[in-house]
Amino acid sequence: MSVDSNVPFRYEPREEEVDIRKLLLSTRHEGSRFPVLSKPDDLPHFLIDPQLFRYIYRNAISNACKYGLLGGNVTTEMVYHEAARVISI
């Protein structure tokens, strides 16, 4: 397979039914200083691209580490708004 360097790479997102809380917990290290909280504790599953979501999450954590307090904790809080069917992270 040859790759033409003049053609930009195009990522094609794929949707999967994902447990976001479980996905985020699997992304961090055990005993991590990056706790994950969710409201309610049992979130519904969402149709998202897990690879893209992990990338965005890691980038957010990286930015929080760069610009946050040295040695501090970075907490991820997820809140599901049932009436609007939206999750805030």
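Just the heavy atoms: all of them, side chains too, but no hydrogens, waters or symmetry mates, feed the values below. Owing to the predicted nature of the structure, the values given are computational and were not obtained by experimental measurement. For the single chain, residues carry numbers from 1 onward in sequence order.
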Are Glu12 and Arg10 within salt-bridge range, i.e. N to O under 4.0 Å?
yes

Quick check: does any side chain N or O of Asp49 sit under 3.5 Å from a backbone N or O of Arg14, one acting as donor and the other as acceptor?
yes

Within the side chain of Asp19, is there an N or O that forms a donor-acceptor pair under 3.5 Å with the backbone of Arg21?
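Judged by distance alone, yes, a pair lies under 3.5 Å.
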
Is atom [atom1] of [X] surrounded by more than 12 heavy atoms (other residues, nucleotides or ligands) closer than 6.0 Å?
X     : atom1 : value
Asp42 : CG    : no
Tyr67 : OH    : no
Leu47 : CG    : yes

Enter the distance from [X]:[atom1] to [Y]:[atom2] here, rounded to the nearest 0.5 Å.
X     : Y     : atom1 : atom2 : answer
Phe53 : Leu24 : CZ    : CG    : 5.0 Å
Ile61 : Thr75 : CD1   : OG1   : 8.5 Å
Gln51 : Leu23 : CD    : CG    : 11.0 Å

Measuring centre to centre across the rings, with the benzene-like ring taken for any Trp, is Tyr55 within less than 6.0 Å of Tyr11?
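Centroid distance Tyr55-Tyr11: not below 6.0 Å, so no.
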
Pair Ile20, Met78 - check side chain to side chain contact (heavy atoms under 4.5 Å, CB included), show working.
CA-CA 9 Å; Ile20 292 179; Met78 298 177 291; 3.6 Å; yes

Report the C-alpha separation of Ile87 and Val79 in whole Å, then their side-chain angles, then the decisive distance to 0.1 Å, and conclude whether the side chain to side chain contact (heavy atoms under 4.5 Å, CB included) test is met.
CA-CA 6 Å; Ile87 188 164; Val79 180; over 6 Å; no

Could you tell me if the side chain of Pro35 sits less than 4.5 Å from the side chain of Thr76, heavy atoms only?
no

Stepwise side chain to side chain donor-acceptor pair (under 3.5 Å) check, Tyr80 with Ser38
CA-CA 8 Å; Tyr80 178 59; Ser38 63; over 6 Å; no

Test of understanding: clusters of I, L, V, M, F, W, Y form through side-chain heavy atoms closer than 4.5 Å, transitively. Do Ile89 and Ile48 belong to the same one?
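Linked, Ile89 and Ile48 end up in one cluster.
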
